[in-house]
S.K.: 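Below are the structure tokens for one structure; questions will follow.
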Protein chains: 2
Amino acid sequence: MPLELSVDRSSPVPLYFQLSQQLEAAIEHGSLTPGSLLGNEIELAARLGLSRPTVRQAIQSLVDKGLLVRRRGVGTQVVHSQVKRPLELSSLFDDLEAAGQRPATKVLVNSIVPASAEVAAALGVAEDSDVHRIDRLRLAHGEPMAYLSNHLPLGLLNLDSAQLEATGLYRMMRTAGITLHSARQSIGARGATAEEAERLAEIEGAPLLTMQRTTFDDTGRAVEFGSHTYRPTRYSFEFQLLVRP
Amino acid sequence: MPLELSVDRSSPVPLYFQLSQQLEAAIEHGSLTPGSLLGNEIELAARLGLSRPTVRQAIQSLVDKGLLVRRRGVGTQVVHSQVKRPLELSSLFDDLEAAGQRPATKVLVNSIVPASAEVAAALGVAEDSDVHRIDRLRLAHGEPMAYLSNHLPLGLLNLDSAQLEATGLYRMMRTAGITLHSARQSIGARGATAEEAERLAEIEGAPLLTMQRTTFDDTGRAVEFGSHTYRPTRYSFEFQLLVRP
DNA sequence: CAGTGGTCTAGACCACCAC
DNA sequence: TGGTGGTCTAGACCACTGG
């Protein structure tokens, strides 16, 4: 049995997108088993009443996601291994929520401060000019998990503490109409200072996982600089990445 | 002055690829400055004697790389910020070489061992079945930087110690015709055990950066499982990531 | 050899944005 | 309202893979 596929031409959803969604659902659901051939593009196009380029566009989007592999002279196959998350720019909040960890946030600092040299360089503003500073403690199951320190340019966002505790910073930025484009990250480790240890209920010198991240919108503006520390017994960075062909 | 663009129809290189390379070079070189408009697709196609879909394909590949941004009703712009490396599946060897660090490698273990439960699960083989084990110490400027422990299925690769010291494992796999597809990574931190401390010239309990990675080829086979420790004063993970639109 | 994906064309209509 | 990218069509030829 080939597979149930159909498109709705009266829908405002692009045809290639309708098709790619159905294919992705079929893969997720198991109707399309790993390693199985997808059938050639011409026949697929004819069956759906679409042109070949449209079908190709649908297939290409899934190839880009790593779900399909194309081989010349062979066909298009469903990838065997379990591809799930191609490393998104996700907030820790979303990650925890998805893992069912019931995240809690305490906003410890929410004020306007002069930019340090490091912050100024990251955000592309003048040193000592005013920027927002947000420090948050993230807890899971009542235990401290991470200390998040963020700096943002002024006038970009309404930074309400209550809202920051109810949702993630990234979600707030997206809601405010900011189009996130890229981020530069650095992940490292170091021993906890006395201050860091106290915040995270660790002892001085305990290994901590650290991340620094500068996020840019699609105009190239830096919209956020974060300097975070994580308890490595409670958190690690897990992600999947695809090889660029 | 608009920009010098031309394609060679007698070349076996695809036209869209020729164009995207020229555009990328122009961005890199500074002929196309950040924020500048690219000119509309129709006119660009006419100027080059190409069809619009071909020009779109060239532009799209650079949008996927994060170098360009398209806006409906506005045009295609060069991204402001510095986008460089979209997180490749690069080997530590290549990273160091690119940074001019003259990496050196000592192969400490190169043998066949029975798979532990963890290794067996990662590689998808039976527990206690034979697998390759490669342990390497990576040095930069004569100082230990990382201890790399890898497990590979048998019969995949000819694992010559001399070659392993002269180049990276990933480069050897690519040379052997293995098409890398995706990898699952986990980055964390912990205190060094006595053994780890000795290997890396640290003291027991010193913070270490850790990474575990399973790499898959395009048929879904696991081709490598690595369990690595890094001295955080000498190495951190730096990368750029793009937001999927 | 037959079949597949890879590339390319010359049009077309629509949705969105700035003015 | 004019210009932009977003989508779509119905073909075509080529390069590579497998038997």
Side-chain angles (χ1 to χ4, degrees), chain A residues 2 5-23 35-64 67-79 177 179 181 218-219 244-245, chain B residues 2 5-23 35-64 67-79 177 179 181 218-219 244-245:
Chain A
L5 292 173
S6 62
V7 292
D8 174 11
R9 302 195 83 101
S10 68
S11 163
V13 177
L15 301 176
Y16 79 90
F17 194 75
Q18 292 183 38
L19 178 53
S20 70
Q21 277 189 320
Q22 287 179 43
L23 291 174
S36 64
L37 273 299
L38 205 60
N40 74 48
E41 299 170 349
I42 315 264
E43 186 250 0
L44 192 53
R47 183 144 60 95
L48 288 163
L50 297 173
S51 69
R52 187 184 166 203
T54 301
V55 171
R56 273 185 68 81
Q57 194 175 359
I59 292 176
Q60 187 59 46
S61 71
L62 297 183
V63 172
D64 291 341
L67 295 174
L68 297 178
V69 182
R70 287 208 247 230
R71 298 167 187 276
R72 242 209 279 244
V74 178
T76 304
Q77 288 178 308
V78 179
V79 164
T179 308
H181 176 266
D218 61 359
T219 70
R244 33 231 250 69
Chain B
L5 293 174
S6 63
V7 293
D8 173 12
R9 302 195 83 101
S10 69
S11 163
V13 177
L15 300 176
Y16 80 91
F17 193 75
Q18 291 184 37
L19 178 53
S20 70
Q21 276 189 321
Q22 288 180 42
L23 291 174
S36 64
L37 274 300
L38 205 60
N40 73 47
E41 299 171 349
I42 314 265
E43 186 250 359
L44 193 53
R47 184 144 61 94
L48 288 163
L50 297 173
S51 69
R52 188 183 166 204
T54 301
V55 171
R56 275 185 67 81
Q57 193 175 0
I59 293 175
Q60 186 60 46
S61 71
L62 297 183
V63 171
D64 290 342
L67 295 173
L68 298 177
V69 182
R70 287 208 248 232
R71 299 166 187 277
R72 246 207 275 242
V74 178
T76 304
Q77 288 177 307
V78 180
V79 163
T179 308
H181 177 266
D218 62 359
T219 70
R244 23 170 67 289

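Sequence lines set the chain letters: A, B, ... in the order given, protein chains first and strands last, and positions in each chain run from 1. Below, all heavy atoms of this structure are taken into account, side chains as well, without hydrogens, waters or symmetry copies.
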S.K.: So, do L23(A) and L38(A) sit near enough that their side-chain heavy atoms are less than 4.5 Å apart?
M.R.: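 With C-beta onward as the side chain, the pair touches.
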
S.K.: Is the shortest heavy-atom distance from the side chain of Q60(A) to the side chain of Q60(B) under 4.5 Å?
M.R.: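 Contact flag for Q60(A)/Q60(B) side chains = no.
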
S.K.: Nucleotide by nucleotide, 5' to 3', does protein get under 4.0 Å of the base (B), only the sugar-phosphate (S), or neither (-) in nucleotides 9-19 of chain C, counting heavy atoms?
M.R.: BB-B--BBS--

S.K.: Determine the minimum heavy-atom distance between R71(A) and T219(B), stating which atoms define it.
M.R.: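 Looking at all heavy atoms of both residues, the closest pair is NH2-CG2, 3.3 Å.
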
S.K.: What is the separation between atom CD on Q57(B) and atom P on dT7(D), rounded to the nearest whole Å?
M.R.: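 Result: 15 Å.
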
S.K.: Please give me the minimum heavy-atom distance between S61(A) and S20(A), naming the atom from each residue.
M.R.: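 Closest pair (atom of S61(A), atom of S20(A), distance): OG-CB, 3.5 Å.
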
S.K.: Between V79(A) and L67(A), is there a side-chain heavy-atom distance shorter than 4.5 Å?
M.R.: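 They are not in contact (no side-chain heavy atoms under 4.5 Å apart), so the answer is no.
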
S.K.: What integer distance in Å separates E43(A):CD from dT4(C):C1'?
M.R.: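 Distance check: E43(A) CD to dT4(C) C1' gives 13 Å.
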
S.K.: Would you check if R56(A) and V63(A) make a side-chain contact, meaning some heavy-atom pair closer than 4.5 Å?
M.R.: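 Side-chain contact under 4.5 Å: no.
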
S.K.: dC8(C) P sits how many Å from D8(B) CG, rounded?
M.R.: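 To the nearest whole Å, that distance equals 12 Å.
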
S.K.: To the nearest Å, how far apart are F17(B) CZ and dG6(C) P?
M.R.: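 So the CZ-P distance, F17(B) to dG6(C), works out to 15 Å.
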
S.K.: Once you round it to whole Å, what is the distance between P of dT4(D) and CG of L68(B)?
M.R.: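 Taking atom P of dT4(D) as the reference, CG of L68(B) is at 16 Å.
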
S.K.: Using atom CD1 of I42(A) as one end and atom C1' of dA2(C) as the other, report the distance to the nearest whole Å.
M.R.: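 That distance rounds to 14 Å.
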
S.K.: Take the protein atom CG of L37(A) and the nucleotide atom C1' of dT4(C), then report the distance between them rounded to whole Å.
M.R.: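 Checked: the CG to C1' distance equals 10 Å.
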
S.K.: Only Watson-Crick and G-U wobble pairs, only distances under 3.5 Å, only runs of 3 or more: what stems does that leave for DNA chain C?
M.R.: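 Paired runs of 3+ in DNA chain C: C:1-18 with D:1-18.
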
S.K.: Where each residue is assigned the nucleotide of DNA chain D containing its nearest heavy atom, which of Y16(A) and G75(B) is assigned the position nearer the 5′ end?
M.R.: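 That would be G75(B).
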
S.K.: What pair of heavy atoms forms the shortest contact from V13(A) to S11(A), and how long is it?
M.R.: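 Reported closest heavy-atom pair: N-OG, 2.9 Å.
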
S.K.: What heavy-atom pair brings D8(A) and Q18(A) nearest, and what distance separates the two atoms?
M.R.: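 The pair with the smallest heavy-atom distance is N-OE1, 2.8 Å.
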
S.K.: Which whole-number value in Å describes the distance from R70(A) CZ to dT17(D) C1'?
M.R.: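 Whole-Å distance recorded here is 16 Å.
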
S.K.: For a quick test of reading the model, state the closest non-hydrogen atom pair linking I59(A) to L44(A) and the distance between them.
M.R.: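 Taking every non-hydrogen atom into account, CD1-CD2, 4.5 Å.
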
S.K.: Is the distance from OP1 or OP2 of dG3(C) to the nearest side-chain N or O of N40(A) less than 4.0 Å?
M.R.: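 Negative; the distance criterion is not met.
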
